[in-house]
Amino acid sequence: MRTKGSTVVVNLQREDEVTVGLPPRFLVEPEALSLGPGQVAGLSGLPGTGLTRVGLSLIVPYAVSGPIAYLDVRGWMNPTAAWELGVEADRLVVVRSGDVVTWGRVVATLLSGVRGVYAEIPNGVREAMLRTLVAKARSHRTPLVLRPVTGALPAGIAHLRLEAKEVSWEGTDAGHGQLLRRRTVLEASGKWAKGIHRTIEVEDDGTNDLRVVPHLGIAATRRLA
Amino acid sequence: MRRRSAEGVCPSVRTITQDLPVEMTRFDPLVERIEEIVPRVEILHPGTMLVPMSGAVKYYGGERPLIERVDKELEAFGTDHRIGVGLGPFASQQAARMTSDLHRIHIVEDDDRFLGALDIAAIGREDLAATFRWLGITTLGALAELPRDALVLRFGRAGLDAHRVALGVDREVDTRDIPEDPRVHSDFDPPIDDMEQAAFIARNLAQRLIGGLARHGVAPHRVIVTAEAADGTVRTRAWRSADPFDDRSLAERVRWQLRTWIDGVSAGIRGGLVSLSLEPADLSGSGRQMALEEDAKTFEETQRALMEVQAIAGPESLLMSTGQGGRDPAHQVLWSRWGEDQRAPERDASAPWPGRIPGPAPALVPPVRVPFEVTFVEGVPDQVRLRSRWVPVLSWAGPWRHVGRWWDGEGTADRYQVVTSTGAYLCEVKDGSTYLLGVYD
């Protein structure tokens with residue numbers, strides 16, 4: 001019997017090689033961690049867990065048809081992280097503004113013109129404003145990634161909620177090597193996860209590809225109440 | 001050659017920064033004088049004008065008298081001028097380059113022969129010219145003899161453009177359907193007398209014009225700028241470009257022209273500017289090559305939205321970035337305001353940059369160095385303070401020694417990649433203190 005929050009390792013390649021005897025009902029295909037036009041993702045987790053790269057990877061495919069925008073509330077965004085994901089420098093617009101009063105107008109305007117928006121949320125933005133922006137994203141068919149500077153998004157806002165649970169790095173030792181590869185364990189929920197909390201492991205080596213870990217995949221945990 | 005290299009070779013070298021608006025202000029009186037003799041003079045850039053002769057030749061009784069008249073008028077200004085005469089703008093410019101102090105005028109008698117004998121460098125692209133030269137094609141004549149389809153197959157659009165230049169065809173003007181009245185026009189009440197305001201309007205009008213034409217898949221090679229002053233004076237000037245204008249290049253030229261009219265010796269905008277219009281001509285389809293999945297509607301929507309964001313958040317808030325060389329993550333990015341020309345990189349990205357932190361790049365980089373508490377035990381990172389709690393260091397890499405500009409008194413620093421259970425950080429130890437340089441987020 002499964003326990004609440006347990007992780008089950010399964011093989012994504014061949015069903016008969018599943019290492020744990022549970023039906024692979026909750027497999028997440030590597031390409032499935034994506035955001036459709038007009039859909040909203042919410043990220044929560046400490047800086048350092050890899051969520052900037054995860055969030056950018058959700059809107060990077062839209063940079064093929066036009067610029068994408070990053071609303072940088074803290075003024076810390078490093079565009080190199082986006083270039084490494086394959087975004088051309090002239091397809092990335094960075095808006096540096098931490099003003100909570102104009103934040104909603106800026107995001108709404110960006111949604112009407114660019115192909116994808118990653119917006120950090122300053123403290124003090126009201127839930128009603130977030131819901132308005134979700135509606136705007138849907139009407140303009142522009143994917144929107146929201147990341148509160150502190151805390152998490154209110155419930156019912158995001159189509160896909162990703163919460164960073166664990167992070168580990170390969171490549172470094174006691175003074176040797178260099179950072180090579182990060183593995184982030186994310187808990188996914190929302191409509192994207194069909195009402196189920198799923199644990200996804202994402203591997204990132206700084207190249208233009210960010211992968212859901214093959215062979216390991218995914219775990220079914222609990223149904224939402 | 002870069003300025004630093006030049007100063008290394010010749011320490012006494014004097015650097016003079018090119019100021020195109022000032023050059024335009026000084027050039028404009030010459031244009032006005034020539035326009036009194038021959039109408040519809042076109043400016044290529046400050047210092048070069050094109051004078052259409054076909055209509056005026058009859059009035060002045062031949063080509064030679066007209067050229068002598070133009071030469072005499074320019075001489076009255078005391079300028080070191082050169083005149084080239086050919087069938088089109090390209091041939092004329094090449095002819096002007098053939099002149100010397102003794103022979104200021106070069107008239108091309110046989111355009112085909114003249115162009116055919118020109119060095120391959122005249123195509124204007126050094127890389128392509130070098131390739132042609134390597135293939136044994138050293139003149140425009142030799143290039144013109146090559147089959148066009150073979151050039152297109154091998155070099156694409158660049159090959160086609162080079163072949164066209166070699167044949168003496170300056171540009172491909174399209175006669176496709178265009179809007180009946182593509183002009184853009186703005187009236188101002190009260191009149192504008194501030195240069196900053198005028199520059200903003202110039203950019204706005206240029207974007208409207210180019211955006212409107214882009215919907216029809218065309219761009220102008222020639223634009224007539226017309227300004228009306230509050231006292232009723234109307235001033236007109238035509239600008240030409242070998243490559244079709246885009247919104248930035250056009251806005252720049254309109255801005256130069258307005259500055260010339262406002263600040264110039266003729267003080268032509270008395271009482272302020274009451275209207276400004278841009279009229280395009282010589283439209284071609286080679287203007288803006290859009291990406292496969294891009295459409296004109298998207299482009300226009302984006303421009304409008306970003307302009308609005310700029311108005312809400314301020315011009316300093318909307319940024320574009322480009323890569324450059326440097327050891328620190330912060331130094332490897334060159335920022336520029338959206339809507340302005342990208343600045344030239346200050347540091348060579350292809351240089352080795354010893355001590356540079358290896359990739360991947362930290363996704364978050366503080367704009368200024370932030371104090372970061374790290375405890376060291378016997379010189380080894382042990383714990384990191386994140387907000388209110390101490391987190392053990394699981395592994396680390398480094399240090400990478402950074403040697404600063406010792407001649408400026410800058411000391412050395414050691415950089416570490418530090419991994420904890422909550423993520424990885426790039427930090428710097430300098431003068432006994434630790435600072436955060438980036439977060440691998």
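Here the structure is a predicted model, which means the values were calculated and not measured.
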- A:Arg147 and B:Asp441 ion-paired at < 4.0 Å: yes
- Side-chain contact test, heavy atoms from C-beta onward, threshold under 4.5 Å: evaluate it for B:Tyr440 versus A:Val167 and give yes or no. no
- Of the listed residues (A:Thr80, A:Val93, A:Asp72), which shares the most heavy-atom pairs with chain B below a 4.5 Å separation? A:Val93
- Item | Toward chain A, the part of B:Ser421 with a non-hydrogen atom under 4.5 Å | backbone
- So which of B:Gly438, B:Gly423, B:Pro329 has the biggest tally of heavy-atom pairs under 4.5 Å with chain A? B:Gly423
- Task: Give, for atom CE of A:Met77 and atom OG of B:Ser321, the distance between the pair rounded to the nearest 0.5 Å.
- Result: 7.5 Å
- Message: Please classify the contact of B:Tyr425 with chain A as side chain, backbone, both or neither, using a heavy-atom distance under 4.5 Å.
- Response: side chain
- Mark yes or no for whether A:Arg182, through its side chain, and B:Ala424, through its backbone, hold a donor-acceptor pair below 3.5 Å. no
- Item | Which of A:Pro47, A:Ser97, A:Gly45, A:Gly171 touches chain B most, by non-hydrogen pairs under 4.5 Å | A:Pro47
- Would you check if the side chain of A:Asn78 reaches a backbone N or O of B:Pro362 as a donor-acceptor pair within less than 3.5 Å? yes
- Tabulate, in ascending numerical order, the residues of residues 372-381 of chain B having at least one heavy atom closer than 4.5 Å to a heavy atom of chain A, or enter 'none'. none
- Considering all heavy atoms of both residues, which atom of B:Ala397 and which atom of A:Gly177 are nearest to each other, and what is their separation? CB-O, 3.3 Å
- Query: For the residue pair A:Trp83 and B:Gly323, what are the closest heavy atoms and their distance?
  - Reply: CH2-N, 3.4 Å
- Query: Within a radius of less than 6.0 Å around CZ of B:Phe200, do more than 12 heavy atoms belonging to other residues, nucleotides or ligands occur?
  - Reply: no
- Item | Proximity breakdown for B:Val365 and chain A, heavy-atom pairs closer than 4.5 Å | both
- Under a 4.5 Å cut-off applied to non-hydrogen side-chain atoms, are A:Thr49 and B:Thr422 in contact? no
- Message: Counting only heavy atoms from other residues, nucleotides and ligands, does the tally under 6.0 Å from CZ of A:Arg141 exceed 12?
- Response: no
- Counting heavy-atom pairs under 4.5 angstrom with chain B, the leader among A:Leu46, A:Asp173, A:Asp90 is A:Asp173
- Message: Please check: side-chain N/O of B:Thr302 versus main-chain N/O of A:Val114, any donor-acceptor pairing under 3.5 Å?
- Response: no
- 4.5 Å side-chain heavy-atom contact, A:Arg96 and B:Trp335: yes
- Query: Do other residues, nucleotides or ligands put more than 12 heavy atoms under 6.0 Å from the CD atom of A:Glu166?
  - Reply: no
- Query: Below 4.5 Å, heavy atoms only, C-beta onward: do A:Arg74 and B:Leu364 meet side chain to side chain?
  - Reply: yes
- Are the side chain of B:Gln417 and the backbone N or O of A:Leu179 linked by a donor-acceptor pair below 3.5 Å? yes
- Query: Taking atom CD of A:Glu127 as the centre, does the number of heavy atoms from other residues, nucleotides or ligands within less than 6.0 Å exceed 12?
  - Reply: yes
- With A:Pro79 as partner, the option from B:Leu334, B:Leu319, B:Thr322, B:Val333 fulfilling side-chain contact (heavy atoms from CB on, under 4.5 Å) is B:Val333
- Would you please test B:Thr420 and A:Trp169 for side chain to side chain contact (heavy atoms under 4.5 Å, CB included) and show each step? CA-CA 9 Å; B:Thr420 71; A:Trp169 278 91; over 6 Å; no
- chain A contact via B:Leu306 - side chain, backbone, both or neither, heavy atoms under 4.5 Å: side chain
- Message: Is it the case that the side chain of B:Glu308 and the backbone of A:Thr109 share a donor-acceptor pair, with hydrogens and angles ignored and the cut-off at 3.5 Å?
- Response: no
- Message: When you compare the side chain of A:Val94 with that of B:Trp338, does any pair of heavy atoms fall below 4.5 Å?
- Response: no
- chain A contact via B:Val370 - which portion, at a heavy-atom distance below 4.5 Å: side chain
- Please report the closest heavy-atom contact between A:Leu92 and B:Met320, naming both atoms and the distance. O-SD, 3.6 Å
- Contact winner vs chain B - A:Leu51, A:Leu71, A:Thr184, heavy-atom pairs under 4.5 Å: A:Leu51
- In terms of heavy-atom contacts, does CZ of B:Arg327 have more than 12 from other residues, nucleotides or ligands at under 6.0 Å? yes
